[in-house]
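Indexing begins at 1, ligand by ligand and atom by atom, following the structure's order. Just so we're clear, the structure is a prediction, and the values are computed from it rather than from any experiment.
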Amino acid sequence: MVLKGSALIDLLVIFLYLATHNSVVVGRFVVEKNSLRVTSPERIRGTHDSAIGNFGIPQYGGSMAGAVVFPKENHKGCRSFDDFGISYKSKPGSLPAFLLLDRGDCFFALKVWNAQKAGASAVLVADDIEEALITMDTPAEDISSAKYIENITIPSALIDKSFGETLKKAISSGDMVNVNLDWREAVPHPDDRVEYELWTNSNDECGVKCDMLMEFVKDFKGAAQILEKGGYSQFTPHYITWYCPQAFTLSRQCKSQCINRGRYCAPDPEQDFSSGYEGKDVVLENLRQLCVFRVANESRRPWVWWDYVTDFQIRCPMKEKKYNKECANSVIKSLGLNAKMIEKCMGDPNVDSDNPVLKEEQDAQVGKGSRGDVTILPTLVVNNRQYRGKLEKGAVLKAICSGFEETTEPAVCLSGDVETNECLDNNGGCWQDKSANITACKDTFRGRVCECPLVDGVQFTGDGYNSCEVSGAGRCKINNGGCWHESRNGHAFSACMDGNCHCPPGFKGDGVKSCEDIDECKEKKACQCRECSCKDTWGSYDCTCSGDLLYIRDHDTCISKGATEVRSAWAAVWIILIGLAMAAGGAYLVYKYRLRSYMDSEIRAIMAQYMPLDSQAEVPNHVSE
Ligand SMILES: *[C@@H]1O[C@H](CO)[C@@H](O)[C@H](O)[C@H]1NC(C)=O
Ligand SMILES: *[C@@H]1O[C@H](CO)[C@@H](O)[C@H](O)[C@H]1NC(C)=O
Ligand SMILES: *[C@@H]1O[C@H](CO)[C@@H](O)[C@H](O)[C@H]1NC(C)=O
């Protein structure tokens, strides 16, 4: 008999139990909170807890101020606000709109999506019954909502019923209700290292959630490795396993889904016991990934786990029937990991006893301290707090970065990867040099910072708000150090020298605003000999000699081409020049070009003394007799 569909899922539920059921009757789920402070009106000022929604992007480590609005129509937010012609887009200079919506009638995520589309910056959902705060989650396995949930980028929070009533009353009486949503304490930051763990799965065929998880691992890899290599974080991957109740360990289902005689199981990937991969294959690969981490961690390269899992996804997918040990080993080998040690760590899957690695995983599934039980995949825990929000690189990095004390966070937290785009608006109020297109504004996960930039290896210094300057020689690299510069007919001149402004030779002026060409001919600075004829050019001059004479610029004089003493003197110069030419052909070319007409015959004569010319017979380099 082949079981399909829901009957089979029921069977899986009957057969496989999460380890958390061992010790607690009901899985313990911790509601993660942020704080919500009412700043006005005065009479309802105060701080309240709100529960972070498990979708959208909570601004971990940051805060947001806004004005609360409660829609007169569509107050549950289950319909698009377009239908009512309402928009909450904030106007310039006004506070962003935080839309207050009532719980009920539709998914939380749909309310938030409708609010986002209408231009709201955050959503507060007021509970409709008096109860402790709950976490607003995404609907499980709902394909149509999965599409928009992915695009939710605004944060959302649930508030309790009575607080919701208070806000509504203040709004209806015409008050401007301003609140501050604050996530700065949502993740504790006890020390300068962030510990985080990801509960994941090697199964690549489990639908939307697996695809999302794999996308995330791929995207996040770079940041994770930077954090780990810098010693800023300690990451640990985890894998959920199920177990088979004692009475069923010998059933066909448990045999195909479990290893170690029913101790460690995973649901069948295709939910079809008769074909494709079995749950057992998934448990084994999960175990291998755990061992890859352990072995890599022992050799002080824990970040290789990220390479292994992403490479495995790409190289060994179930779709291509490569989800197996052989393919895994080729990945292990390519990453320079010790395959023997990994094999040893995995142990024998057929023995009737505990596997120490998987046993530890099952124990870790049970919540400890501020962390709830892990019952769903994927689960991300940062500094022992469960992450709430979208599993997306920028959002997760924000949460991890908020686990550092402010100002101790590593550069990856301040990089463009997690930018908030606040610099796009009025340059974030930071210093900038529009003409050179340089700015002190940097987007970070905490919002923008104004820091004098490093441009082309040159560090600007200053307060970042009003001024940033470069001192020293580096100045000239950036916008010519503010000095005069000009180019004409392919000739360019700059007045910047060693960081100061001086007009270059051939020019006079202040060096900042202007440098003017010196007319060398008129000012009798050069080319004044009897045979000389002078013509000024921009930044220089041209000088020619009458008759057969040659102008020697260095000596500012005309000499005879025919004179023997000159010839021998030139011969000496040329011997040196030939040496230079061999070392650096450029100089040779310049001289050759300039003096070609005169020197051609001279060079030939001189060079003939040192090397054979074309016309001379070649010395044979091989003989036949
Ligand atoms: C979500 O965003 C993607 C890419 O920006 C877009 O193609 C898609 O249509 C959006 N989905 C919805 C439901 O708006
Ligand atoms: C990884 O290594 C570090 C120290 O090198 C150790 O503290 C940590 O417990 C190890 N993690 C695992 C899962 O073995
Ligand atoms: C300024 O520089 C940024 C990035 O460095 C670039 O995207 C932008 O187009 C530049 N703007 C101008 C006006 O050159």
Are Leu337 and Arg301 side-chain neighbours, meaning at least one heavy-atom pair lies under 4.5 Å?
-> yes

Take atom 9 (O) of ligand 1 and look for protein heavy atoms under 4.0 Å from it; say yes if you find one, no if not.
-> no

Check each atom of ligand 2 against the heavy atoms of Gln234 and keep those under 4.0 Å away; list them by number with element.
-> 3 (C), 6 (C), 7 (O), 8 (C)

Using only the SG atoms, decide whether Cys413 and Cys401 are less than 2.5 Å apart.
-> yes

Near Asn297, which atoms of ligand 2 are under 4.0 Å from a heavy atom of that residue?
-> 1 (C), 2 (O), 3 (C), 8 (C), 10 (C), 11 (N), 12 (C), 14 (O)

Between the main-chain N or O of Asn260 and the side-chain N or O of Arg263, is there a donor-acceptor pair closer than 3.5 Å?
-> yes

For Phe293, counting its heavy atoms only, list the atoms of ligand 2 lying under 4.0 Å from any of them.
-> 13 (C)

Backbone or side chain, does any N or O of Arg294 fall under 3.5 Å from an N or O of ligand 2?
-> no

Atom 4 (C) of ligand 1 touched by protein heavy atom at under 4.0 Å = no

For ligand 1, which atoms sit closer than 4.0 Å to a heavy atom of Trp113?
-> 14 (O)

The side chain to side chain donor-acceptor pair (under 3.5 Å) partner of Tyr264 among Asp354, Thr241, Asn355 is Asp354

Distance-only polar pair, side chains of Ser202 and Tyr323, donor-acceptor under 3.5 Å = yes

Quick check: does any side chain N or O of Glu197 sit under 3.5 Å from a backbone N or O of Val381, one acting as donor and the other as acceptor?
-> no

Heavy-atom nearest neighbour in the protein, as seen from atom 2 (O) of ligand 1, with distance rounded to 0.1 Å = Asn151 ND2, 2.2 Å

